2 protein chains.
Amino acid sequence: MEKKLPTIKEIARRLNISASTVSRALHDHPSIGLRTKMAVKKLAAELNYEPNQTAIFFKQRKTFTIGLVLPNLREEFFSAAINGIEDVALDHKYIVLIGQSHNDLAREQKLVETMKNHRVDGIIASISSSTTHIEHFEQMKNYDIPVVFFDRVPDAKDIHSVSCNLYDSSVEAVEWLFNNGHKRIAYLQGPATLNMKNERLDGYVEAHKKHKLPVDESLIVSTDLSVEGTRKAIDALLLLKKRPTAILSFNDYVTLDAIQYARQKKLVINKDLCFVSYANVPVTQYVEYPPLASVEQFPYDQGVSATELLFRLIDKKLAGQESPYENIVLKSELIIR
Amino acid sequence: MEKKLPTIKEIARRLNISASTVSRALHDHPSIGLRTKMAVKKLAAELNYEPNQTAIFFKQRKTFTIGLVLPNLREEFFSAAINGIEDVALDHKYIVLIGQSHNDLAREQKLVETMKNHRVDGIIASISSSTTHIEHFEQMKNYDIPVVFFDRVPDAKDIHSVSCNLYDSSVEAVEWLFNNGHKRIAYLQGPATLNMKNERLDGYVEAHKKHKLPVDESLIVSTDLSVEGTRKAIDALLLLKKRPTAILSFNDYVTLDAIQYARQKKLVINKDLCFVSYANVPVTQYVEYPPLASVEQFPYDQGVSATELLFRLIDKKLAGQESPYENIVLKSELIIR
DNA sequence: CATTTTTCCGCAATCGTTTGTTCATTTATT
DNA sequence: AATAAATGAACAAACGATTGCGGAAAAATG
């Protein structure tokens with residue numbers, strides 16, 4: 001069985017020359033004569049020689065692999081981001097190792113560990129909702145593995161990140177609702193771990209400030225992103241004496257759950273209750289009552305940007321240079337249906 | 001910069017013993033005395049020693065990596081399958097290299113090539129809709145890299161595969177429609193490359209046979225899975241003098257497009273026109289007019305099954321044994337809403 | 001023709017780990 | 001006490017490719 005693949009040594013043996021000569025010939029090294037170079041290339045082609053990458057990885061201390069740690073692949077947001085990441089990676093002749101944390105810190109840690117063992121050249125990550133600390137990522141500094149966070153960026157300094165500016169579009173979203181006659185706008189926020197840098201809320205507050213309206217704390221509710229959590233949050237809002245007429249909601253998935261539940265409660269969407277959301281995922285096209293507007297976060301572009309940043313870091317590292325911490329912020333855009 | 005990580009050699013040097021002793025000590029080799037074993041382990045722990053996997057990969061001719069080639073990650077079907085694959089892989093201490101073909105043959109070939117270069121221990125693939133031949137996969141035999149196809153399985157012999165039996169549930173689906181009073185049932189099929197083994201159609205025909213009804217060829221239309229393609233197919237059906245009252249549709253995504261279009265055309269879904277489909281993806285929960293029924297194809301289980309098969313093949317290969325071609329067929333299930 | 005320069009290629013080390021073999025020392029056996 | 005057996009550890013090769021250095025043969029120079 002186990003046919004063994006042709007190696008440089010094999011070529012060298014057959015041509016009665018040394019392995020180093022074969023290696024140089026294949027790399028068009030100037031110090032190899034045309035005659036032998038041709039002979040080597042000819043035989044290499046005949047034997048269908050292909051360099052053993054694992055040997056090269058080992059020797060070069062590079063694996064041409066980047067690790068990608070994500071909460072999940074189910075959300076179209078992340079699969080779109082992967083497209084961006086994969087495209088850039090393939091351009092650089094890199095390949096992507098993907099792992100899902102399923103929003104579990106322990107699994108996220110294990111993934112990072114495994115990727116470190118596989119000696120990935122760099123890591124791109126969007127943290128899980130249960131990620132309360134990022135030691136496992138910080139550890140990577142000891143291994144000279146650069147880490148770039150995107151979208152779900154931990155609230156820490158000394159990190160590299162790519163994310164969307166959600167503040168401006170949050171202001172815009174809430175103002176848009178005000179301008180459409182809404183007076184009481186609720187904010188359905190995500191779990192605390194994802195709110196450390198709470199741009200959505202800041203924007204929500206700022207819009208109220210601009211319109212000289214007070215912020216009613218009882219209109220701010222939270223969900224852990226589960227269906228149940230979202231329902232409870234909606235329940236809380238519906239129990240209020242003065243109900244909101246619109247909800248700014250953490251993301252489209254939460255919004256879909258919320259809308260479904262509100263309809264069960266016999267509310268008429270876009271009449272009794274309006275939704276504005278984040279992510280602008282394509283599936284909302286198919287639903288009967290989608291959010292009125294959604295903040296596009298350009299996952300593909302975030303992916304591209306994060307990967308490009310990572311490659312810059314890798315290059316710097318190889319050149320032995322330090323890189324300053326970069327925190328790239330992309331624009332988001334309120335898409336009104 | 002480039003701090004260098006502790007190696008076995010380093011430990012050996014510090015303890016004034018040989019590298020081989022260190023290696024054996026760390027592996028609890030019986031021929032190492034307790035005294036030195038302890039010393040080695042102690043120092044290894046202090047230095048935070050971790051074996052260099054790339055060196056091991058190289059030496060062992062194993063990378064503990066499996067390649068996964070998919071049409072895309074957007075479809076929840078595939079991301080669910082990945083969950084199954086990832087779970088089994090992690091159990092075996094393997095990691096997954098994911099690549100999307102985006103239904104492009106050239107890209108699929110490139111991915112397979114790249115994965116081969118990375119010396120993956122095995123490949124799991126669901127072919128793209130433009131994959132007209134599978135030479136690139138067959139090539140892998142020359143490199144002793146086993147390939148397991150799942151779900152979208154090419155129509156070829158001498159392959160390993162895992163797929164769902166869609167024949168039985170297709171019969172069941174069409175009979176269910178007959179039993180609900182439908183007389184004219186259309187079949188909206190996918191592109192030719194994915195229909196080589198056309199179980200859906202065979203089931204559709206069989207159901208007609210069982211009910212002693214003729215199959216009207218004009219009721220069988222095709223889509224390339226694009227929105228446009230689906231619309232054209234629906235147009236063709238709507239132009240018929242005797243329109244169908246129900247459509248058996250290739251999958252849920254196509255169905256959502258079809259339903260959206262039919263509604264634009266002022267048809268009342270589930271009255272003028274009913275849909276039964278395949279995949280049973282969760283997003284259909286959120287839409288106003290989902291297909292009445294959908295064939296669940298258990299992507300997670302397919303993923304698990306394919307991965308387990310792959311590991312059996314890898315083990316056999318390492319043991320130097322031949323493996324017979326296995327084509328595992330899982331049950332599917334018609335889910336009625 | 002003698003010397004310098006250029007051209008071309010081989011030697012050997014290296015990356016970090018594993019493993020078959022050998023060898024010295026200690027312990028057990030008669 | 002002499003020999004046999006068991007123990008513990010070192011040596012060296014190997015995996016496949018790369019690369020600095022040195023050196024022989026060929027070409028160019030005076």
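These numbers were taken from a predicted model, which means no experiment stands behind them. Labels below follow one simple rule: chain letters A, B, ... track the order of the sequence lines, proteins then strands, and each chain is numbered from 1.
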Between the side chains of [X] and [Y], is a donor N or O closer than 3.5 angstrom to an acceptor N or O?
X        : Y        : answer
A/Glu108 : A/His136 : yes
B/Ser130 : B/Asn103 : no
A/Thr131 : A/Ser128 : yes
B/Tyr143 : A/Glu50  : yes

How close or far is atom [atom2] of [N] from atom [atom1] of [X], stated in whole angstroms?
X       : N      : atom1 : atom2 : result
A/Lys37 : C/dC8  : NZ    : P     : 9 Å
A/Leu34 : C/dC9  : CG    : P     : 10 Å
B/Lys62 : D/dG16 : NZ    : C1'   : 20 Å
B/Leu26 : C/dT17 : CG    : C1'   : 11 Å
B/Ile8  : D/dA10 : CD1   : C1'   : 15 Å
B/Ile56 : D/dG16 : CD1   : C1'   : 17 Å
A/Gln53 : D/dA17 : CD    : C1'   : 11 Å
A/Arg13 : C/dG10 : CZ    : P     : 15 Å

note = Per atom distances to the B/Ile17 side chain, the nearest of D/dA10, D/dA17, C/dG16 is D/dA10
May I ask you to verify if any side-chain N or O of [X] is less than 4.0 angstrom from the OP1 or OP2 atom of [N]?
X       : N      : answer
A/Ser23 : D/dA17 : no
A/Lys9  : D/dC15 : yes
A/Ser18 : C/dG10 : yes
A/Arg61 : C/dG16 : yes
B/Thr21 : D/dA9  : no

Mind checking if [X] touches a base, just sugar-phosphate, or nothing, with heavy atoms under 4.0 Å?
X       : result
B/Thr36 : sugar-phosphate
B/Tyr49 : sugar-phosphate
B/Ser31 : base

key: A/Phe150: which of A/Ile328, A/Leu68, A/Ile127, A/Thr307 passes side chain to side chain contact (heavy atoms under 4.5 Å, CB included)   = A/Leu68
key: Evaluation steps, salt bridge (charged side-chain N to carboxylate O under 4.0 Å, His left out), between A/Glu75 and B/Arg74   = CA-CA 8 Å; A/Glu75 294 179 35; B/Arg74 240 199 63 223; over 6 Å; no
Under-3.5 Å donor-acceptor pair between A/Ser20 side chain and C/dC9 base = no
request  = Confirm from the modelled atom types if B/Arg24 and C/dG20 form a donor-acceptor pair under 3.5 Å, side chain to base only.
outcome  = yes
query = Does NZ or CZ of A/Lys62 fall inside the cone over A/Phe64's six-membered ring, less than 6.0 Å from its centre and within 45° of the axis?
reply = yes
ask   = Does A/Gln60 or B/Pro30 map to a spot on DNA chain D nearer the 5' end, using the closest nucleotide for each?
value = B/Pro30
Closest-nucleotide 5' rank along DNA chain D - winner of B/Asn16 and B/Lys59 = B/Asn16
remark   = Nearest heavy-atom approach of B/Ser163 to B/Gln302 is CA-OE1, 3.7 Å
note = Computed from five pairs at either end and rounded to 10 degrees, the angle between the axes of the helix from C/dC1-D/dG30 to C/dT30-D/dA1 is 60°
key: Under 5.5 Å and under 30°: B/Phe58 stacked on C/dT17   = no
